[in-house]
K.L.:
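The following block contains the structure, expressed as C-alpha cells.
Not measured: the values here are computed from a predicted model. Throughout, residue positions are numbered sequentially from 1 according to the sequence presented. Side chains included, hydrogens not; waters and symmetry mates left out as well; all remaining heavy atoms used.
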Amino acid sequence: MPLFSAGPFHSAEARGPLPPGRALRRLERRLYAYAALKDLVLLYPVYALLFAGHGLSTAQISSLFVVWSVTGVVAEVPSGVWADTVSRRSALVAGALLTGAGFGLWVAVPSYAAFAAGFVLWGLGGALGSGALEALVYEELEQLGATDRYAGLTGRAAALSTVATAVATAAAAPVFAAGGFTALGAASTAACLLCAVAAAALPERRGGPAGFADGDARVDDDTDGAAGGGYGATLRAGLGEIRRIPAVRYAVLAVIVLTTVWGSLDEYVPLLAAATGTAVGGVPLLVLVVYAGVAVGGVLAGRARRWSAGATAALLAGAALLMAAGALSGSALGFALLAPAFLVFQLTDVVADTRLQESLTGRARATVTSLAGLGTELTTLLVYGVYGAASGHAGHGTLFALFAVPYAVFAAALAVRARR
C-alpha cells in the first residue's frame with residue numbers, strides 16, 4: 001500500500017467510478033499542477049550566490065555539485081525499484097518533501113555541511129521522481145485506454161515546468177530585494193510542499209478496469225513486488241526486459257543520447273550568451289529565448305509522436321545544424337537559431353521517452369525508466385567532464401558546435417533504421 005493516501009483531495013462526487021474522459025481530465029490537471037510546482041523554485045538562479053556569500057570558494061561549490069550528482073547516480077535505480085515495489089505516488093511525494101527540506105536547510109543553517117546535506121536531499125528527491133512519474137502517468141493512461149495521449153500530456157507538463165523555471169527566475173530578484181535569501185528559501189520550500197500535495201493527489205492504480213474511483217487511487221494487491229517478488233526480483237525483471245527485448249534496448253539508448261547532450265548544454269547557455277559580448281543584463285533575455293524554444297517543443301511533442309522515423313531523423317539533423325550555426329555565429333542573433341534547435345531536442349526527448357514506455361511490457365516500468373535515467377546521469381557527468389577539459393582550448397561556440405555531432409550521428413543511425 002502507498003505511504004500517502006489521497007483522501008483529502010477527493011470529493012464525494014469522486015467516490016464512484018469515473019468515466020474515462022473525466023478521469024483523463026483530472027489526471028491532466030493534477031499532473032500539470034505537479035509539473036508547474038516542481039520547478040517553481042526561486043533559489044534556482046541564485047543558490048550559487050548563496051554559497052559564495054557564505055565564504056565558499058569555487059572549488060568548494062564545485063564539490064557540492066559533485067555531491068549532488070553522485071547522490072543522483074547512486075539513488076537512481078534503487079528509487080525506481082522502490083517505486084515499482086511500493087508506490088510511484090509515494091515516491092513522488094517523498095521526493096518533493098526531501099527536496100524542500102534540502103532548500104530549507106540551506107537558509108536555516110547556512111554552512112558547507114548544510115549545503116552538502118541539502119544537495120544529498122535534493123539528489124534523493126530527484127531520483128525518487130525519476131522513473132516514478134513516467135510509470136505512473138503511462139499506466140494510468142493505459143487504464144483509460146488513452147496511451148496515445150502520453151506524449152502530448154508529458155510534453156505539455158514539461159513545457160509547464162520550463163515556464164515555471166522562467167517565472168521563478170523572474171520572481172527571484174523582487175523577492176530577494178524584499179526578504180533576502182531567507183525569503184527565497186521559504187518560497188522554494190513552500191513550492192516543494194505544494195508539489196508534494198499535488199503528487200499526493202495523483203491517482204495510482206495498476207490493473208483493473210478503465211473506470212475507477214479517484215478515492216480508490218491505490219496500488220492493487222497483485223502488483224506487490226511489481227515483477228513477482230521484492231526488490232531483487234523487480235530489479236532482475238527490469239534488467240531482463242532490457243536484455244531480452246531489442247525495442248526496449250534501442251529506446252533506452254535513444255533516451256540516453258537525446259536527453260543527455262542538450263540537458264547538459266543547457267547549463268552552459270548563459271556562458272554562451274555572455275561570450276557573444278552581450279551585457280550581463282541582456283544575458284537572461286537570450287536564455288529566455290532558448291527556454292521559449294524548449295517550452296514550445298514540449299507542447300508540440302504530441303504531434304511529433306505520429307511522425308515517421310525518417311521525418312524525425314531529418315528534423316534532428318536539421319536541429320544539429322541549427323545549433324552549430326547559431327553557436328558559431330558569435331552573435332546574439334545566433335540564439336534565433338539555437339531556440340528552434342532546442343525545441344527539436346525537447347520534442348524528440350519526449351518522443352523517445354514515449355517510445356520507451358510503449359516498448360515496456362512488464363511491471364518493472366519505473367525500474368527500466370530509472371535504468372535509462374542512470375545512463376543519462378553517467379553520460380551527463382561525461383559531458384561535463386569533456387566540456388570542462390576542452391574549455392581551456394576552445395570557446396563556448398566551438399564546444400556547442402562539437403556537441404551537435406552526436407545528434408547528427410544519431411539522426412543518421414535513425415535514418416538507416418527507418419530505411420530498414
K.L.:
Could you check whether any side-chain heavy atom of Leu360 comes within less than 4.5 Å of a side-chain heavy atom of Glu241, counting everything from C-beta outward?
P.N.:
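They are in side-chain contact.
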
K.L.:
Closest heavy-atom contact between Gly72 and Ala127?
P.N.:
O-CB, 4.4 Å

K.L.:
Run the numbers on Glu204 and Ser87 for side-chain hydrogen bond (donor to acceptor under 3.5 Å, both in side chains), then give the verdict.
P.N.:
CA-CA 8 Å; Glu204 180 180 19; Ser87 164; 2.7 Å; yes

K.L.:
Can a side-chain donor-acceptor contact be found between Thr259 and Asp349 if the only test is distance below 3.5 angstrom?
P.N.:
yes

K.L.:
Has the side chain of Ser69 got a donor or acceptor atom that lies under 3.5 Å from a matching backbone atom of Val66?
P.N.:
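Absent.
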
K.L.:
Are any of the side-chain nitrogens in Arg88 or Glu139 under 4.0 Å away from the carboxylate oxygens of its partner?
P.N.:
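A salt bridge is present here (some side-chain N lies under 4.0 Å from a carboxylate O).
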
K.L.:
Taking the six-membered ring for Trp and the full ring for Phe, Tyr or His, determine whether the centres of Trp106 and Phe181 are under 6.0 Å apart.
P.N.:
no

K.L.:
Below 6.0 angstrom between ring centroids: does that apply to Trp68 and Phe115?
P.N.:
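Between Trp68 and Phe115, the centre distance exceeds or equals 6.0 Å.
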
K.L.:
Out of the candidates Thr276, Leu265, Leu271, only one should pair with His396 under the side chain to side chain contact (heavy atoms under 4.5 Å, CB included) rule; please name it.
P.N.:
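For His396, the side chain to side chain contact (heavy atoms under 4.5 Å, CB included) test succeeds with only one of Thr276, Leu265, Leu271, which is Leu271.
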
K.L.:
Verify whether one side chain among Thr369 and Gln357 offers a donor that lies under 3.5 Å from an acceptor in the other.
P.N.:
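There is such a pair (donor and acceptor under 3.5 Å, judged by atom type) between the side chains of Thr369 and Gln357.
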
K.L.:
Looking at Arg25 and Glu28, is there a salt bridge between them, counting it only when a charged N and a carboxylate O are closer than 4.0 Å?
P.N.:
no

K.L.:
Establish, yes or no, whether a centroid distance under 6.0 Å links the rings of Phe65 and Phe51.
P.N.:
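Between Phe51 and Phe65, which both carry aromatic rings, the centre distance is not below 6.0 Å.
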
K.L.:
Taking all non-hydrogen atoms of both residues into account, name the closest pair between Ser188 and Leu42 and its distance.
P.N.:
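That would be OG-N, 3.2 Å.
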
K.L.:
So that I know where these two stand, are Phe403 and Trp262 an aromatic pair - ring centroids less than 6.0 Å apart?
P.N.:
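Phe403 vs Trp262: aromatic centres not under 6.0 Å.
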
K.L.:
Any side-chain heavy atom of Val287 sitting closer than 4.5 Å to one from Thr169?
P.N.:
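SC-SC contact between Val287 and Thr169 ruled out.
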
K.L.:
Say whether, by atom type as modelled, one donor and one acceptor occur between the side chain of Thr162 and the main chain of Tyr291 under 3.5 angstrom.
P.N.:
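Pair absent, no side-chain N/O of Thr162 close to backbone of Tyr291.
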
K.L.:
Can you see which heavy atom on Ala273 is nearest to which on Leu286, and at what distance?
P.N.:
CB-CD1, 3.8 Å

K.L.:
Taking all heavy atoms of Ala157 and all of Ala35, pick out the closest pair and write down the distance.
P.N.:
O-CB, 3.4 Å

